[in-house]
Amino acid sequence: MTCDRLVCANCANPVSEGRCPVCRASRARLHQQSPFANLTPATLVALLVALIAVALLIHQAA
């Protein structure tokens with residue numbers, strides 16, 4: 001999840017701008033998550049397809 005579209009309940013501004021302490025804390029928490037947390041479903045599908053393609057190529061070569 002990214003903080004681009006999130007709106008802070010405290011100051012009603014985008015969280016990505018970090019205008020208040022609540023925004024900054026939320027933004028920091030989101031950015032501390034795992035590196036795969038920011039991947040979109042489309043990116044995950046593309047990575048899965050690439051992994052399957054590599055596995056098939058290795059299987060054919062052996």
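Heavy-atom basis, side chains included; hydrogens, waters and symmetry copies ignored. None of the values given here were measured: they were computed from a predicted structure.
- Hydrophobic side-chain contacts under 4.5 Å tie L57 to no other Ile, Leu, Val, Met, Phe, Trp or Tyr residue.
- The two residues N13 and R19 have their closest heavy-atom pair at OD1-NH1, 3.2 Å.
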side-chain contact (heavy atoms from CB on, under 4.5 Å) between C8 and V22: does it pass, once the steps are laid out? CA-CA 7 Å; C8 179; V22 176; 4.0 Å; yes
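- If you chain together ILVMFWY residues whose side-chain heavy atoms come under 4.5 Å of each other, L48 ends up grouped with I52, L56.
- For N10, the side-chain hydrogen bond (donor to acceptor under 3.5 Å, both in side chains) criterion is met by no residue, not counting sequence neighbours.
- With side-chain heavy atoms closer than 4.5 Å counting as contact, directly or through intermediates, the hydrophobic cluster containing V45 also holds V49.
- When all heavy atoms of C20 and C11 are compared, the pair lying nearest together is SG-SG, 3.8 Å.
- Listed by chain and residue number, L39, T43 satisfy the side chain to side chain contact (heavy atoms under 4.5 Å, CB included) test with L47 (two or more places apart in sequence, or in another chain).
- With sequence neighbours excluded, no residue forms a side-chain hydrogen bond (donor to acceptor under 3.5 Å, both in side chains) with R24.
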